[in-house]
Protein chains: 2
Amino acid sequence: MAGQRETEEQPGRDSLGAGTVKRVTLRDVAKAAGVSHQTVSRAINGKGEIDPETRRRVLDVARRLRYQPSRFARGLVRPEVVTVGLIVPDVVNPFFPEFMAGVFAAADQRGWQVLVASTENTPPRELALLRSLGRQVDALVSYLSHSDAQLEPYVASVPLVIVDRGMDSSTYALVEVDTAAGIRAGMRHLIDQGHRRIGMIDCAPICDPFVRRRVFAEVAEEHALPIDDHWRIVGEQTLDGGAAAFEALHAAHPDLTAVFAFNDLVAIGALRAARRLGIRVPDDCALVGYDGLSVTDLLDPPLTTLYLDKRRLGEMAVHQVDRLLAGELPPPAVLTPRLNVRGTT
Amino acid sequence: MAGQRETEEQPGRDSLGAGTVKRVTLRDVAKAAGVSHQTVSRAINGKGEIDPETRRRVLDVARRLRYQPSRFARGLVRPEVVTVGLIVPDVVNPFFPEFMAGVFAAADQRGWQVLVASTENTPPRELALLRSLGRQVDALVSYLSHSDAQLEPYVASVPLVIVDRGMDSSTYALVEVDTAAGIRAGMRHLIDQGHRRIGMIDCAPICDPFVRRRVFAEVAEEHALPIDDHWRIVGEQTLDGGAAAFEALHAAHPDLTAVFAFNDLVAIGALRAARRLGIRVPDDCALVGYDGLSVTDLLDPPLTTLYLDKRRLGEMAVHQVDRLLAGELPPPAVLTPRLNVRGTT
DNA sequence: TTGTAGGCGTTATCAT
DNA sequence: ATGATAACGCCTACAA
């Protein structure tokens, strides 16, 4: 009955490429080689109990038929390989490769694999990726700008670790950066150096829910600095954005003696603008960045910046996945940047 | 009968974490909710044909049981998502993020996903990753330093695209960089500028099978340059390696007027060393890099370099996957670097 | 050494 | 609206 019924639908060597290409299966190979599918399995997986001759023949047929085992069928039966999905805003922004390296290292250490996708700084893509990656992995690590409520419909039921979003969550695991501490450290440093007229290059609120500007204002008030909100300029989060912002800041307040930049990219732009304007850094104007990108080593002078251990951040995220996978909802993990004083202050 | 039977084996909140945690399946949820597994499936997948009330109840149970659909079982049944494995030597080396961005973009455009792993510049890891990733993906794109013969036992039967290996292959698809053309363009430029005593900072043979040194020597001979193999120094492929190599080169040949560096990273190191030695670039000594990393924009002076469109390289690799998946073995795709003259020559 | 039976967790199809 | 049944492609028994 289940025997050798007529092969009604023979896929043959149909390499039409299109969608209808019936997959070559273990049984197809078996049929073609005149053995049972079990024997083929043994041959493919290099198990011992098989005649070397049969084996060679089977492997030959398999190759000819372009047989490729289905990872799904395999995964269903064999001990699972954990796969983590990683969503970052932009692979090319030098911040993220370092972060990714941390994730890879920690994942590798556990024998896990990592599926990566980039949102290209496009918030709607965040959600789409969340959904599509979510169905393919055992857990997600993601930079995200949406709130829990916005996220909820898109996060099927995958354990999720959100990185540096700056919002609490009662549902997802978090890895946070203590930005406030970082800003304070940077401001304190500038103030210790005697600076009082300090400008800030900020970023559109989407990058950061107001922490930087809030703390900046707080510190300014605590120290009675002679500056107001006009000393804070919002710029694009790019080199050119930083340059433009610096120019604007300088035009508005020619007497400023220091600038605190949203991040290193912006700071580098500012440094260039300063050079163009004939402003010497740090003599005429000090400059503090944020992130501690390794490219800032290359600058002349090297940038004073709040160094964040991005690699560690990635490792922490994977650690949170650990806990999630163990069934807990761990408390937020927090990483604090460290002031790295170099040539620009 | 199928109703509310005693739940004989209640996994409950067993968060022992260890390996034995039996997976919660659709049927477990079904049993707990007193419905058929089919109904659960409908609820989970938001299909229409289900009573909103049942649905809510089922989803509730699912959540409580921490149900998570198996991506394998799903993949087995649903139209497959193509997954490409991507193996790079080092995520943090600024060359590769750009390359990866190209791969991601091209993959995304096709609705494919990308599984990434890094060899950390460790050749043995190449092979291990090749094997482990190979069983999890539909095709591989990889930077590889081994020969076809060495690779063969590790490449199960996955379509493989090798990037910039500099060796022909009769088995795998290739994306190559026309390094020879690049070197020639760089040398010609230096020679046009009147340089004759040109040093080269080369890299250990593993990075590059002799193309650079060969072409360097060829051009030197063609133009009867007064230099021999001692004008070529092998250095570590790092900033410090570049600096050390420059120093060695300068010590050996104080009269050199130009240096051709293996890549931009090395060139940047050389630039620093030059500055330390009080050698002005380009006045006392010209410098040409290779790769066209975007960080070289930030330097002062910006680096003259052979710009390679790394993003494009990634896209080309994915295109080769296309062909492979269609059953062809495409001819090598070749990308040629473009001389980008800036401040150091 | 080789083949047969059963099950992995899901979705689709067809009854009910 | 819900449930039974049959795939999907593979592997691990166990039987021959």
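Proteins come first, then strands; the chains are lettered A, B, ... in the order of their sequence lines, and each starts at number 1. Basis for what follows: all heavy atoms, side chains included, without hydrogens, waters or symmetry-related copies. Since this is a predicted model, take the numbers as computed values, not measurements.
- Side-chain N/O atoms of Thr39(A) include none lying less than 4.0 angstrom from OP1 or OP2 on dT2(C).
- Position along DNA chain D of the nearest nucleotide to Leu76(B) versus Ile50(B) favours Ile50(B) as the more 5'-ward residue.
- Look at Thr54(B) and you'll find a side-chain N or O under 4.0 angstrom from OP1 or OP2 of dT2(D).
- Screening Glu126(A), Gln150(A), Arg165(A) for a side chain to side chain donor-acceptor pair (under 3.5 Å) involving Ser145(A) leaves a single residue, Glu126(A).
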Exercise. Can you check side-chain contact (heavy atoms from CB on, under 4.5 Å) on Asp28(A) and Tyr67(A), steps first, answer last?
Worked result: CA-CA 9 Å; Asp28(A) 297 331; Tyr67(A) 166 73; over 6 Å; no
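- Contact annotation: side chain of Gln38(A) to base of dT1(C), donor-acceptor pair absent below 3.5 Å.
- Atom CZ of Arg74(B) is separated from atom C1' of dA7(D) by 17 Å (rounded to the nearest Å).
- Put simply, CZ on Arg71(B) is 13 Å from P on dT10(C), counting in whole angstrom units.
- A close approach under 4.0 Å does occur between a side-chain nitrogen or oxygen of Ser41(A) and OP1 or OP2 of dC11(D).
- One finds no salt bridge joining Arg55(B) and Asp60(B) here, because no Lys/Arg side-chain nitrogen approaches an Asp/Glu carboxylate oxygen to under 4.0 Å.
- By the 6.0 Å contact criterion, CZ on Arg66(A) is open, its count of non-hydrogen atoms from other residues, nucleotides or ligands being 12 or less.
- Distance Gln136(A) CD to dG9(C) C1': 15 Å, rounded to the nearest Å.
- The phosphate of dA4(D) has neither OP1 nor OP2 within less than 4.0 Å of any side-chain N or O from Ser36(B).
- Rounding to whole angstrom units, CZ of residue Arg78(A) and P of dG9(C) are separated by 16 Å.
- A close approach under 4.0 Å does not occur between any side-chain nitrogen or oxygen of Thr25(A) and OP1 or OP2 of dC8(D).
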For this session: Applying side-chain contact (heavy atoms from CB on, under 4.5 Å), run through Val141(A) and Gln320(A) and close with a yes or a no.
Result: CA-CA 9 Å; Val141(A) 169; Gln320(A) 293 292 64; over 6 Å; no
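- When rounded to the nearest whole Å, the span between CZ of Arg135(B) and C1' of dC10(D) equals 12 Å.
- The interatomic distance linking Asn45(B) (CG) with dA1(D) (P) rounds to 17 Å, in whole Å.
- Rounded to whole Å, atom C1' of dT2(C) lies 15 Å from atom CZ of Arg55(A).
- For the pair Lys31(B) NZ and dG3(D) P, the interatomic distance rounds to 15 Å; values are reported in whole Å.
- Leu26(A) comes within 4.0 angstrom of the backbone, heavy atoms only, and of no base.
- With hydrogens and angles ignored, a donor-acceptor pair under 3.5 angstrom links the side chain of Arg42(A) to the base of dG3(C).
- On a pure distance criterion of 3.5 Å, no polar donor-acceptor pair joins the side chain of His37(A) and the base of dT4(C).
- The nucleotide whose nearest atom lies closest to any side-chain atom of Asp51(A) is, among dT11(C), dT1(C), dA1(D), dT1(C).
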